Each structure stands twice: as structure tokens, then as C-alpha cells.
Engineer: 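I'd like to ask some things about the structure below.
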Amino acid sequence: MNPLVAIYNGVFGWVERLLEPWFLPTLARFTFAATLLIYFWNSALSKLGDGIFGFLFPSAGAYVQIFPKAMEAVTYDVSQMSIFQWAVVVAGTWAEFILPLLIVLGLLTRLSAIGMIGFVIVQSLTDLYGHGGIEHPETIGAWFDRLPDGAILDQRLFWITILAILVVKGAGPLSLDRFLIERPRG
């Protein structure tokens, strides 16, 4: 048995040494770009108001997405929303554009990934409690069951796992973080 363990350790030790510095962070950023970048950008685009200053004056749909019960309580009249609610909607919209872009570029990656983890948690709680997802077990999903397609528990765990890799490992060698860190000072 010891020769098999030695072969196993030798092969995978070599794989680890070869891939360790760059593989996981690069794969995590690629996976994020390939699966979530456009998702978040499309979501952010749906929140923009009309005109050139739409990024400062979100659409009514933005308030419905983020504060569904509050909008229902004011019969969907945006003018009755508070300045705090406006600030949350604007910040959330900007975050959906900026944080994914920073992750894909590999700029301030660890901080951006932490921000995205927070965003995904708030998004999930809003989906569950604001939009009533908590009342639909198929939407929530369940861990350790035979179905991997629960929109909240299953999918968002994958999202957070990818982001956690970036928090721990950083952006990897193909990133603006690496370029700025290794750039000669002088």
C-alpha cells in the first residue's frame, strides 16, 4: 500500500506545485465572468431610470426588486420612498455594475469578492422574505438532497464558493491587482 500512497502523493504533489499559484484564482474569475457577470449587469440595467441620469434616478422596478413590500405599501408610488431607500437602490444598482467588473478585471479583487458575497446574501434574503420565496420549497432548495437546482441554497452556495476562493487566494497572476502590486516603484 505504501508504494501506491507514494505514487499518489508524488503525482498530486506535482499537480499542486504546478497549479497552486495561478489555477484556482484564474478559474474562479473565469467562472464568475462566464456565469454571473452578464446576470448581474442585466439585473443592474433593469434598475436604471430614464435618460442620462438614470443611474441616479432608478426605475420603479428597481424599488420593487429591492423593497417589494414597501413599494406595495405605497401603491408603487416611488415618490413616497425615503431617501434611505433611494440610497440603497442606487448603491445596489452601482454595486451590480462595479463589483462584477472589478472581479473580472482582477482589481481590488478580495474586497470586491467580499462585497459580492454580502450582495448575494442580501439578494437571497430579499428573494426569500421580500418576494415570498420562503413559501416555496422548490425555490429555496435543500442541501444534501438529490436535487442540485434550488435557486437559493444550491445555486448561491456555488456563487459564494467561487467568491470565497477569490477572497482567500486573490485574483491570481492575470489581473490588475498583480500588475499594480508587482509594478516597479520609483
Side-chain angles (χ1 to χ4, degrees), residues 28-105 107-168:
R29 284 183 39 238
F30 174 80
T31 301
F32 182 88
T35 60
L36 294 173
L37 174 68
I38 303 303
Y39 166 82
F40 282 113
W41 279 4
N42 282 336
S43 177
L45 285 170
S46 74
K47 292 177 178 78
L48 295 177
D50 294 329
I52 194 165
F53 294 107
F55 67 96
L56 292 175
F57 302 103
S59 68
Y63 288 92
V64 172
Q65 287 179 49
I66 297 173
F67 294 109
K69 291 182 178 180
M71 280 293 283
E72 185 178 4
V74 298
T75 60
Y76 302 97
D77 180 6
V78 173
S79 69
Q80 295 185 50
M81 300 302 280
S82 71
I83 190 76
F84 170 77
Q85 290 165 319
W86 169 84
V88 169
V89 170
V90 168
T93 302
W94 292 2
E96 279 188 300
F97 281 118
I98 295 168
L99 294 175
L101 179 63
L102 291 174
I103 288 170
V104 171
L105 294 174
L107 181 61
L108 303 173
T109 306
R110 293 175 195 258
L111 188 59
S112 299
I114 289 170
M116 282 303 305
I117 289 170
F119 190 96
V120 169
I121 290 169
V122 170
Q123 174 188 21
S124 299
L125 292 172
T126 301
D127 288 344
L128 290 173
Y129 296 102
H131 294 287
I134 196 77
E135 298 163 9
H136 304 280
E138 68 279 1
T139 299
I140 301 168
W143 291 335
F144 308 107
D145 64 357
R146 62 181 176 74
L147 304 171
D149 59 351
I152 305 297
L153 288 179
D154 294 333
Q155 290 179 15
R156 302 217 178 140
L157 178 61
F158 281 112
W159 299 3
I160 289 174
T161 300
I162 292 296
L163 293 164
I165 290 169
L166 296 173
V167 171
V168 173

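All of these numbers come straight from a predicted model, not from anything done at the bench.
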Engineer: Hey, could you give me each pair passing salt bridge (charged side-chain N to carboxylate O under 4.0 Å, His left out) that has a residue in residues 81-90? Not counting sequence neighbours.
Structural biologist: none

Engineer: Can you list every side-chain hydrogen bond (donor to acceptor under 3.5 Å, both in side chains) pair that touches residues 29-38, not counting sequence neighbours?
Structural biologist: none

Engineer: Go through the structure and list residues passing side-chain contact (heavy atoms from CB on, under 4.5 Å) with A164, not counting sequence neighbours.
Structural biologist: none

Engineer: Please, which pairs that meet salt bridge (charged side-chain N to carboxylate O under 4.0 Å, His left out) have at least one residue in residues 155-168, sequence neighbours excluded?
Structural biologist: D127-R156

Engineer: List the residues meeting side-chain contact (heavy atoms from CB on, under 4.5 Å) with F30, not counting sequence neighbours, and say none if there are none.
Structural biologist: A34

Engineer: Quick one: side chain to side chain donor-acceptor pair (under 3.5 Å) partners of E96, sequence neighbours excluded?
Structural biologist: S43, K47

Engineer: Could you work out, with side-chain contact (heavy atoms from CB on, under 4.5 Å) as the rule, every residue matching I114, not counting sequence neighbours?
Structural biologist: V167

Engineer: Quick one: list whatever passes side chain to side chain donor-acceptor pair (under 3.5 Å) with Q80, sequence neighbours left out.
Structural biologist: D77

Engineer: Checking L108 now: which residues fulfil side-chain contact (heavy atoms from CB on, under 4.5 Å) with it, not counting sequence neighbours?
Structural biologist: S112

Engineer: Which residue pairs satisfy the ring-ring contact (aromatic ring centres under 6.0 Å, His included) criterion with at least one member in residues 107-154, sequence neighbours excluded?
Structural biologist: F40-F119

Engineer: Give every residue pair that meets the salt bridge (charged side-chain N to carboxylate O under 4.0 Å, His left out) criterion with at least one member in residues 53-63, sequence neighbours excluded.
Structural biologist: none

Engineer: Under the side chain to side chain donor-acceptor pair (under 3.5 Å) rule, collect the residues that match up with T75, sequence neighbours excluded.
Structural biologist: none

